[in-house]
Amino acid sequence: MRTSRGDRDVNGCGQLGSTGYSGAAVLVRWMALLLCGFAVASCRSPVPPEPASVSPLSNSSLGNIIPQPESVTSTNDSFVLTAGAKICVGPGSAELVSIGQYLADKLRPSTGYSLQIVAAAGLPANGSIFITTIGGDPLLGDDGYTLTITPDLVSVVAYQPSGLFRGIQTIRQLFPPAIEMSTVQPGPWVIATGTIRDHPRFGWRGSMLDVARHFFSVQDIKRYLDLMAYYKMNRFHLHLTDDQGWRIAINSWSNLATYGGRSAVGGGPGGYFTQAEYSELVAYAQRLYITVVPEIDMPGHTNAALASYALLNCNGVAPPLYTGIDVGFSALCVSNDTTYAFVADVIREISSLTPGPYIHIGGDEASTLGSTDYVRFVERVQTIVQSAGKQMIGWEEIAQGRLLSTSIAQHWYSTLAQTAVLQGAKVIMSPASKAYLDMKYDPSTPLGQDWAGYIAVKEAYTWDPASQVAGVLESDVLGLEAPLWTETT
Ligand code: NGO
């Protein structure tokens, strides 16, 4: 049975007033728009700033920060970054030095300044940017920070290095937009003064990329990760397999990638990541304080696997590769033990390449299976994921099974997240009608789908994750995730 997405009944939700940041989707929508020498020396060494020839900026300059910080206080003056500025880090650990280096790498091309990195052995000199975990407030958690800007100094204080990394993204956003250019720009590089205190309302700030419908290069994914980092996102969900393609090499079942990776929507060449390339992406994400969450979608959305191995099909016949965009027609043979040996091998290999604690098993739209078969499959796979030492995540359909309290359901479309919460599981919010990046903005948007409606930027930004599904409260919600499905991309 092939199901067309157009006839789905979408349960829309009212738009709520924003109390701070809520819509992860808007971050990546803005990301899409954006797509158009360490030295040990004292920071006391005098670095006279060049005389500022600019007038103080208005308060509003501190307001344009995404995600919206917890609090912003302006003090109506300005800081000017000048040629002699240094980036001071304290303590001068390798990790903090590399965060300082990251900031310097972002600011050097457009400013043309050398921005020496200095392990701070005292109060930083005027005109510097100072980043430190000394005195960081534990209440700000891993991703929180305080940014204080005076006419003399920009300082970020955080409890953890990851918080410093988020804080320097705010610095990037506060400079004039030309700071992001790759060639030297005239400046001046002015920031309004004030204090920003910031930590996420929800710890999970995710985005998903579907590399199965269309395949993307390692370079493309790094660019996606760079944009995620700019908006302080911290979870990258990589949808690695679907009907149209299997995109990760599995040594014990090599046809999956070498044969099942050959197709794509519309008949393109497809492709797959070698395990070394996947590890390169995981390491790249780690440097951006982003955890990779790999998804192997099952038991449905598996045509590429079924085409690669006849023995995964109940009738023992491998179907042809698939290049259309229908959903709900494929399923692994869930009554066959070979299927579970296959799942265990795949999960073992992926787990060994993935330092993060999560494995996403998909679980969506297995429309050809009866509910007893589906539930048995999910529960058995949950045990396999647990034996691999990982936490299972699945699309909300998995809540039909008995979930461990450590398992996580990802809401996209129904009310099944309620069932997950009643079992003590946590929820990631990705409502299709608010957070799907493949939904068009309006009828004139050239790419994308509209089965869950149109999503204007404002709507994507202002929904409230704690009131999206009745019975799923703020304390049940780990956070948000904006999926970019790529049937049309
Ligand atoms: C659905 C479906 C995906 C589609 C997507 C398109 C989920 C969880 N399963 O979301 O296979 O690509 O919609 O919008």
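Any value given below was found using the heavy atoms of this structure, including those in side chains, with hydrogens, waters and symmetry copies removed. Each ligand, and each atom within it, is numbered from 1 in the order the structure gives.
- Classification of Arg213 and Asp242 as a salt-bridged pair holds, one side-chain N sitting under 4.0 Å from a carboxylate O.
- Taking only nitrogen or oxygen atoms, main chain and side chain alike, Asp242 does not reach within less than 3.5 Å of ligand 1.
- One side chain, Tyr145 or Thr170, offers a donor N or O that lies under 3.5 Å from an acceptor on the other.
- For the pair Glu487 and ligand 1, the shortest N or O to N or O distance falls below 3.5 Å.
- Trp204 has its ring centre less than 6.0 Å from the ring centre of Tyr358.
- Within ligand 1, the atoms closer than 4.0 Å to a non-hydrogen atom of Asp438 are 6 (C), 14 (O), numbered from 1 in the order shown.
- Here is the list of ligand 1 atoms found below 4.0 Å of a heavy atom in His301: 11 (O).
- Between Asp210 and ligand 1, no N or O atom pair is found at a separation short of 3.5 Å.
- Residue Asp364 approaches ligand 1 through these ligand atoms, each under 4.0 Å from one of its heavy atoms: 2 (C), 7 (C), 8 (C), 9 (N).
- Ring centers of Phe273 and Phe215: under 6.0 Å apart, within the cut-off.
- In this structure, the side-chain contact (heavy atoms from CB on, under 4.5 Å) partners of Gln160, at least two apart in sequence or on a different chain, are Asp142, Ser162.
- Of all atoms in ligand 1, listed by their number and element, those nearer than 4.0 Å to a heavy atom of Gln449 are 6 (C), 14 (O).
- No N or O atom of Trp395 sits closer than 3.5 Å to an N or O atom of ligand 1.
- Below 4.0 Å from some heavy atom of Glu365 lie the following atoms of ligand 1, by number and element: 2 (C), 9 (N), 11 (O).
- Within the listing of ligand 1, atoms 14 (O) sit less than 4.0 angstrom from a heavy atom of Met439.
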Solution key, residues 288-300 side-chain donor-acceptor pairs under 3.5 Å, sequence neighbours excluded:
unit_1: Tyr289; atom_1: OH; unit_2: Glu95; atom_2: OE2; d: 2.6
unit_1: Glu295; atom_1: OE1; unit_2: His237; atom_2: NE2; d: 2.7
unit_1: Glu295; atom_1: OE1; unit_2: His239; atom_2: ND1; d: 2.8
unit_1: Glu295; atom_1: OE2; unit_2: His239; atom_2: ND1; d: 3.3
unit_1: Glu295; atom_1: OE2; unit_2: Trp395; atom_2: NE1; d: 3.1
unit_1: Asp297; atom_1: OD1; unit_2: Gly363; atom_2: N; d: 3.2

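- Contacts with ligand 1 closer than 4.0 Å are made by no heavy atom of Tyr413, backbone or side chain.
- In this structure, Gln410 has no heavy atom closer than 4.0 Å to ligand 1.
- Relative orientation of the Trp451 and Tyr413 rings is perpendicular, given thresholds of 30° and 60° on the angle between their planes.
- Contact check on Asp226 versus Arg223 returns no salt bridge, with no Lys/Arg side-chain nitrogen under 4.0 Å from an Asp/Glu carboxylate oxygen.
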